Amino acid sequence: MSEFLTLVVPMWVVFTLAAQGTILSGRTGVFNVTQEGVMALGASVGFVVAYKMGSNLGGLLIAFAVGALVGLILTVMTTQLRLDQFVVGLALFFAATGAAGLLYREVIGVTMTPPKIDTLTKHEIPLLSDIPVIGEPLFRQDYVFFFVVLLSVGLYWFMQRTGAGLNFRSVGENPKAADSLGINVNLARTWSTIVGSGLVAVAGAYFPLHFTGIYTDGMIAGRGWLVIALAFLGGWRPLYVVAGAAFFAGMDVLGQKAQVIGLGVPHQFIEMLPYVATLLVMVFAFRWARQPAHLGSNYDRESRLAG
Amino acid sequence: MTTAPRLEMTEVVKTFGPVRALDAVSLQVGAREVHGLLGGNGAGKTTLMNVLFGLYRADSGAVRIDGREVTITSPRDAIELGVGMVHQTFLQVDTYTVVENVVLGTTLEGGSHGAGLSAARARIADISERFGLHVDPDAVMEELPVGIRQRVEIIKALYRGASVLILDEPTTNLTPQEVDALFTSLRTMVAEGMSVILITHKIRETLAVCDKMTVMRDGARVQTLDRAETDADHLAAIMVGESHGTYQAPTVTEAVALGTAPQGTVVGDVPETTFEPGVSVRGMTVRNDHDVELISGFDLEVGKGEIVGFAGVAGNGQVELAEALAGVRPLQSGSITIDDLVLSDRATAQWLDAGVAYVPEDRHRDGILPTSGITENLLLGSHRSARVRKNGLIDWRAARQRAQEAIEKFAIRADSPATRAGDLSGGNIQRVILARAFAHRPRLLVLHNPTRGLDIGSTRFVYEQIREVTAAGCSVVVISEDLDEVIAIADRVIALYQGSHAGEWRSDRVDPYEIGRRMTGLGTSVGGAA
């Protein structure tokens, strides 16, 4: 059990980080669908920087900056130029995916054995890490894990408990109302998307920096898309996302496990299971989960169209 | 020179593409003054106020507050300068509570939970008390009726220290009692030194509450008048713009509807007309969107050529009734028949073929395709008709031709049949919807708030069109929150309260205040003339 948890927790970090980044912009009405691409780009950038600079923290920070840049492009396109969020998001997904592979090949080249970096070191919290079963997986982790825990609590506090959070959320619920009360809709959308997209990229960088030590194309393997489902499942709320991410991470690890053990079924079938489970959960979850009322719709102050 | 007026707008110009929405409009409003802004659709009243509130940027012109020239580029600027606005469609976050909506956009000391909000709660209570605007601060917005939601909008503006309050058509959804209460609140505000600008097209209300009034037409200011120096006929004439000799006084019923005659005016003892049976509703049961049975065992007869009007406060089953009668919402039980043809449980296409036409309440959401042109919007529902078909495909040339005719006949203010419906003003959208409904040659016409937000000319036009179809034997159901309208247009008035009949009158023998009591669930009161 403890061993299983030890595998689940890092995957929980990935899902939580990317999903918090997604709901951050979603709460102001920006529906980000670039995760799969931005995570791949984050993985590539994070690896290359860590490899060349020899600093894992540097890799994470530069990955954040590059993700933020993609977020900036997304908001300029959707708030200033008012292009369709979904179309722009898909275009950026493709661009980021391509850029990820290109960057790696330009800097590292094609090699027989891929270069490897040291993964992040784990830090132990004294006493707590001695608790049976949960001590090891929860309290002997790298700093990204602890950052994600603080981030989740901080986001919850900001969104649900502060006046600024009340203003922030209103932008996604009714931008026209927010605007009429002097809240800067475009500014809120721009910042939330820049920071949110940066977090998504860091989630991607976690793959080479925590799991593998190497970068390979396609290593995100569809998890970026699952993040979008997770945002819906978590009702765009920071704490529900934490719980949802645990479920997604559990399914993910189960799929990998089943492959290794060999159950006499094709491994493609096993790999499919997390997605099927997600689908089933979504069918039921959608009944209570509610998203920001203006998620995905651009705001034009002088438009006479309803909204 | 005496002191400068509280607010002064000079030569404000605003264009939307080729349309000149404001043509060098000037406006002066003093302190302690309720200033009426009158005019028809597209007159530019709301546009002018949106400029003042920073929602639109004027192309040119100046705004002065207390004699000082100011630049307002966003609502934030307006709020800081003490300008507050209550929009026609409320700008509220439905999922937030009243307090949360009120404090939204202000800086809160101590967070949005518990302690942080208690100071706000106290201030809201104080405002409620001073101006008679009572609300429950912890109610969730989406559960509140329209009248209360409007109070929240006013409180929002006052909470921010507004000294100039703009109200855009505030009485549209209110009962006569609520209108009286609102006007009392407004008088209290100006007595305390505020200025109020009231956008309206109802002359009676203007005369009841305003000190001064400015009449606008076609994006220009026509005249500014003192309450003392004008009367209803005079104002109506200026508004309609037929003052140079051709203006004809409206009939008594119209005058009541338009608010130029006092309520309760006796229309005259017309002998009771009997109608041939037309539409028959038996034991109709309908659920709302939350699966709650809102209308149960509802019976209704509408004769050929008869107009039945439903009066009621929004949220008492109007939407469900209208949609059920129009075939848009399924019946749980019961039946609807037109000339012995049972329509319940049939597909919508068959309702259309049977001649059922529907003018929905929410024009933007249910009535039009906002990003499609007028041509496409007029084609909806009649796309199978032979008139617009050629070789099995849509004959766009004929469709455009029809649209052009409708634009002329219904006086729709649009550049061409290709103009996107969503770019039209509210009144013009309604004209498109009516043009479409009337083109069906209906046998049953269901109208929900058909003249909401329309000017005198358009309103009269709609009434004429309705009378025209009734003359051809069409049964008409008008569901409206405008009591005067129901009384004016209907042969029979039914008060609707919580989804059922709360009283029925012949329209020429009603006391609006009595209906007002019935539709708010108060039942009969003896000698209760207010």
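As the structure is a prediction and not an experimental result, all values here were calculated from the model.
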Pairing of B/Arg420 and B/Asp423 as salt bridge, 4.0 angstrom limit: yes

B/Asp77 portion near chain A, given a 4.5 angstrom heavy-atom threshold: neither

Region of B/Thr95 in contact with chain A, defined by heavy-atom distances below 4.5 Å: side chain

Lys/Arg N to Asp/Glu carboxylate O, B/Asp59 vs B/Arg20, below 4.0 Å: no

Geometric class of the A/Phe31/A/Phe86 ring pair [parallel <30°, tilted 30-60°, perpendicular >60°]: parallel

Heavy-atom pairs under 4.5 Å with chain A, option from B/Asn50, B/Leu55, B/Ile368 with the top count: B/Leu55

Within 45° cone and under 6.0 Å: A/Arg27 NZ/CZ vs A/Phe168 ring: no

